[in-house]
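Here is the structure we will look at.
Along the sequence shown, the residues carry numbers beginning at 1.
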Amino acid sequence: MTSHVRLVWIYPDLLSTYGDQGNVLILEQRARARGLSVETVHVRSSDPVPEQGDIYLIGGGEDRPQILGAERLRKDGGLHRAVAHGAALLAVCAGYQIMGSVFGGEEGQPVSGLGLLDISSGRGERRAVGELAAEVDPALGVPTLTGFENHMGVTRLGPGVRPLSRTIVGTGNGDGTEGCYAGKVIGTYLHGPALARNPALADLLLAWTVGPLAPIDDTWYQRLREERLATVLPA
């Protein structure tokens, strides 16, 4: 595989709420702890999306920035080409919705997404706010997810994706599932940032890029995860 990882952080000027940039920092730290070299590219919304990245990340945002981000990514095409070439992608909240065929705009009107995930999103009747815990698809080998959600979205999964996890506490997609994945593309509503609270998910993205990973000291991350789960899961 490779000993170098190129991370691409998409549109931090539009889509970076609730600490989502922390996902980039966690990937950098966990890669370097294993002796991997890391290059991180921050792509502003006025810049073209490079096609040579290994892991792409996009965060959450408000309605108008979400619409602008979707429009620019559709016109640019770089993310489509990168995923087609085998890059991994983690999309969070508004970024997750953008990856589908359609999502709800400022007034609930349908806005075209990128079609990288077989999902469609609209507005729910109530805002989902609070802690979330969910059991991950066993095929991914990742333990129970923990995170924070704050969204009005209801996301419907098509046959081309699998649920990332099934909710124990919280709303997620609105149907008992949270997020989804297809190939190396993962979408989730989890903030926190998600990868700080779920280091195994960060390692999954890295392993898709570089192959089997050497073990590292996970004490701090696991303590954080366990503390949050203890406050969320039913007794």
Side-chain angles (χ1 to χ4, degrees), residues 1-61 69 73 76-96 98-99 116 136 140-143 145-147 164 179 181 183-188 190-225:
M1 301 288 279
T2 179
S3 60
H4 178 78
V5 179
R6 192 179 197 215
L7 307 177
V8 181
W9 177 226
I10 299 173
Y11 297 174
D13 54 329
L14 293 179
L15 299 166
S16 182
T17 57
Y18 302 115
D20 290 334
Q21 187 172 350
N23 291 326
V24 180
L25 302 178
I26 295 300
L27 282 170
E28 290 175 341
Q29 190 276 335
R30 294 184 74 80
R32 288 175 177 144
R34 295 178 166 96
L36 302 171
S37 62
V38 182
E39 174 190 3
T40 301
V41 179
H42 289 223
V43 180
R44 296 181 65 82
S45 56
S46 57
D47 301 330
V49 177
E51 301 174 29
Q52 296 77 33
D54 296 306
I55 303 174
Y56 291 73
L57 302 105
I58 186 168
L73 285 170
D76 179 86
L79 183 58
H80 280 87
R81 291 188 289 272
V83 170
H85 295 155
L89 167 64
L90 174 67
V92 175
C93 201
Y96 168 37
I98 286 172
M99 297 306 134
L116 288 174
V136 183
L140 296 179
V142 173
L145 294 177
T146 171
L164 175 63
Y181 73 100
K184 297 181 182 179
V185 179
I186 295 176
T188 180
L190 292 182
H191 300 285
L195 299 187
R197 293 176 60 165
N198 303 282
L201 193 59
D203 287 352
L204 177 64
L205 292 165
L206 288 171
W208 281 345
T209 299
V210 304
L213 300 175
I216 59 174
D217 184 1
D218 251 353
T219 304
W220 183 87
Y221 295 101
Q222 296 300 341
R223 183 183 299 123
L224 173 65
R225 178 178 167 277

> Do D20 and W9 touch side chain to side chain, with heavy atoms closer than 4.5 Å?
Replying inline: yes
> T188: what forms a side-chain contact (heavy atoms from CB on, under 4.5 Å) with it, not counting sequence neighbours?
Replying inline: L90, V92, L164, E178, L190
> With sequence neighbours excluded, what pairs up with D54 under the side chain to side chain donor-acceptor pair (under 3.5 Å) test?
Replying inline: none
> Of all residues at least two apart in sequence or in a different chain, which pass the side-chain contact (heavy atoms from CB on, under 4.5 Å) check with E39?
Replying inline: H4, R6, V41
>> Which heavy atom of P50 sits nearest to which heavy atom of V43, and what is that distance?
In response: CD-CG2, 3.5 Å
>> Going by the rule side chain to side chain donor-acceptor pair (under 3.5 Å), which residues pair with R81 if we only count those two or more places apart in sequence or in a different chain?
In response: E51
> Taking C-beta and beyond as the side chain, do L201 and I186 meet within less than 4.5 Å on heavy atoms?
Replying inline: yes
> Do P193 and Q21 have side chains that get closer than 4.5 Å, going by heavy atoms?
Replying inline: no
>> Tell me the closest heavy-atom pair linking P12 and S16, and the distance in Å.
In response: O-CB, 3.6 Å
> Which atom pair, heavy atoms only, marks the closest approach of G187 to Y96?
Replying inline: CA-CD1, 3.4 Å
> Which residue pairs satisfy the side-chain hydrogen bond (donor to acceptor under 3.5 Å, both in side chains) criterion with at least one member in residues 194-204, sequence neighbours excluded?
Replying inline: R30-D203, R34-D203, E131-R197, T146-R197
>> Give me the atom names and distance for the closest heavy-atom approach of A87 to G53.
In response: CB-O, 3.7 Å
>> According to side chain to side chain donor-acceptor pair (under 3.5 Å), who are the partners of T219, at least two apart in sequence or on a separate chain?
In response: D217
> Of all heavy-atom pairs between V38 and A31, which one has the smallest distance, and what is that distance?
Replying inline: CG2-CB, 3.5 Å
> Considering residues at least two apart in sequence or located in another chain, which fulfil the side-chain contact (heavy atoms from CB on, under 4.5 Å) criterion with A88?
Replying inline: I55, K184, L205, W208
> What heavy-atom pair brings Y221 and P199 nearest, and what distance separates the two atoms?
Replying inline: CB-CG, 3.6 Å
>> Checking S45 now: which residues fulfil side chain to side chain donor-acceptor pair (under 3.5 Å) with it, not counting sequence neighbours?
In response: D13, R72
> CG of L116 to OH of Y56: how many Å apart, nearest 0.5 Å?
Replying inline: 11.5 Å
> At what distance, to the nearest 0.5 angstrom, does CG of L57 lie from CG of L15?
Replying inline: 12.5 Å
>> Can you confirm whether V24 sits close enough to E28 that some side-chain heavy atom of one is under 4.5 Å from a side-chain heavy atom of the other?
In response: yes
> Does V185 have any side-chain contact (heavy atoms from CB on, under 4.5 Å) partners at least two apart in sequence or in another chain, and if so, which?
Replying inline: V83, L89, L117
> L27 versus L195: any side-chain heavy-atom pair under 4.5 Å?
Replying inline: yes
> Under a 4.5 Å cut-off applied to non-hydrogen side-chain atoms, are I10 and L73 in contact?
Replying inline: yes
